[in-house]
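Keep in mind the model is a prediction, meaning the values are calculated, not measured.
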There are 2 protein chains.
Amino acid sequence: MPTATAAQRRDEARLAYNAFVAACPTRQLLDTLSDKWVCLILSALVDGPRRHSDLARTIAGVSQKMLTQTLRRLERDGLVTRTVTPSVPVRVEYELTALGNDLAPVLGAIKLWAEAHMDEVFAARDAYDAT
Amino acid sequence: MPTATAAQRRDEARLAYNAFVAACPTRQLLDTLSDKWVCLILSALVDGPRRHSDLARTIAGVSQKMLTQTLRRLERDGLVTRTVTPSVPVRVEYELTALGNDLAPVLGAIKLWAEAHMDEVFAARDAYDAT
DNA sequence: CCGGATCCCGTGCGATACTG
DNA sequence: CAGTATCGCACGGGATCCGG
C-alpha cells in the first residue's frame, strides 16, 4: 500500500498517542497547552504579529516574567516565532507559526466559551452555594 | 440573600465579558477551564456517566485528591452532576450536564490537537534545542 | 472496599529590582 | 523596551489516614 489516506494516518496518530496514558508525552503537551496564559497569548496573536510590550498591555495582569517564560515555551514548541530587530530601542515581535495558527482557534474557543457561558456558570454556583 | 448577589452579578454582565481584562470574572473561569484534569475528566465523561474509581482508572496518573477536587469544582460550576447511590459499597456517579456537554468537545479538541500534532512539536523542540 | 478528608512538602508564580 | 535575577509565599498535588 503506497499511500495511506489522511483519515488513516489520523487514526494511527490517535492510537499512538493517548493523553489518558500517564506516560504518554501528549500528557505533558496537554498540560502546557492547558494554561490560561497560553490561551490568552495565542488569542492575542491571531490578528497578526505583536510586540512584547504590546502583548503585556493587551493581556492585562500578566507578569512580565510569565509573559517571557510562556513565549519562550511557545517558541520552543514551534507555535510562535520571535523576531528581533536590532534598532534602538530593540524591537521584538512575536508571530504565530503555521502550527500556532492551527492551534490558536482551538484555544480561542475556550476563551469564547468562558465569555459566552459566564452567566450560566454563575447561576450554577449560586444554586450550589445556596444548598 | 442570594437574589441580591445574582442581581449584582447580572449588573456586571451588562458589560461585555472579556477575558483579556484582568478583573473580568471570565479570567478566573478561563483559568479553571485551562486545566489538564478538567480537560481529561470532561473528555472521559462524554461517553456517559462514570464512577469515581472508573474515572481514576481511565485517567491514569490522577490522584484521587485532584480527581475529587476537580469534580467538585465542575459540579459547582454546573458542568457535571454528582449522584450518590447509598448502597454497600457506596456508588458515586458523575455525569455531564447540558452545559458540560456543550463544553466537553471544546476541551476535547485540545486533547485531540495535542495527540495529533505531537510529532511536529517534537520536531520544533529538537530544532530549537539544537540551536 | 469505595470515596473523601487531612497533612505536608516542593514547585512555581508574582513582585521587585537590575542589565544591555 | 526586552530580558534576567532573586526571594518569599501561596498553592498544587502526592502520601496517608478516616468514615461507612
Measure the distance from [atom1] on [X] to [atom2] on [N] and round it to the nearest whole Å.
X: M66(A); N: dA2(D); atom1: CE; atom2: P; result: 18 Å
X: Q69(B); N: dA15(D); atom1: CD; atom2: C1'; result: 15 Å
X: L67(B); N: dA5(C); atom1: CG; atom2: C1'; result: 14 Å
X: H52(B); N: dC1(C); atom1: NE2; atom2: P; result: 17 Å
X: K36(A); N: dG12(C); atom1: NZ; atom2: P; result: 16 Å
X: R57(A); N: dA2(D); atom1: CZ; atom2: P; result: 8 Å
X: R27(B); N: dC13(C); atom1: CZ; atom2: P; result: 15 Å
X: W37(B); N: dC11(D); atom1: CH2; atom2: C1'; result: 16 Å

So, OP1 or OP2 of [N]: does either fall under 4.0 Å of a side-chain N or O from [X]?
X: Y94(A); N: dG3(D); value: yes
X: T68(B); N: dG3(C); value: no
X: R51(A); N: dA2(D); value: yes
X: R72(A); N: dT4(D); value: yes
X: S53(A); N: dA2(D); value: yes
X: R82(B); N: dG3(C); value: no

- Sorted by position of nearest nucleotide on DNA chain D, 5' first, the leading residue of D31(A) and D54(A) is D54(A)
- Message: Need to verify one output field. Residue with the more 5' nearest nucleotide on DNA chain D, V90(B) or K65(A)?
- Response: K65(A)
- Item | V92(A), nearest nucleotide to its side chain (from dG3(D), dC2(C), dG13(D)) | dG3(D)
- Worked check of side chain to side chain contact (heavy atoms under 4.5 Å, CB included) between R50(B) and E93(B): CA-CA 5 Å; R50(B) 295 281 204 115; E93(B) 282 208 328; over 6 Å; no
- Message: Any base atoms under 4.0 Å from R91(A), or only sugar-phosphate, or nothing? Heavy atoms, all strands.
- Response: nothing
- Within the side chain of R27(B), is there an N or O that forms a donor-acceptor pair under 3.5 Å with the backbone of F20(B)? yes
- Item | Expected output: side-chain E115(B) to main-chain A19(A) donor-acceptor under 3.5 Å | yes
- Task: Verify side-chain hydrogen bond (donor to acceptor under 3.5 Å, both in side chains) between T32(A) and R73(A), making sure each step is shown before the conclusion.
- Result: CA-CA 9 Å; T32(A) 67; R73(A) 270 210 335 256; 5.0 Å; no
- Message: Using a distance-only criterion (donor-acceptor N/O pair, under 3.5 Å, no hydrogens), is the base of dT16(D) paired with the side chain of Q64(B)?
- Response: yes
- Task: Could you go through the side-chain hydrogen bond (donor to acceptor under 3.5 Å, both in side chains) check for D119(A) and Y17(B) one step at a time?
- Result: CA-CA 10 Å; D119(A) 292 335; Y17(B) 287 127; 3.0 Å; yes
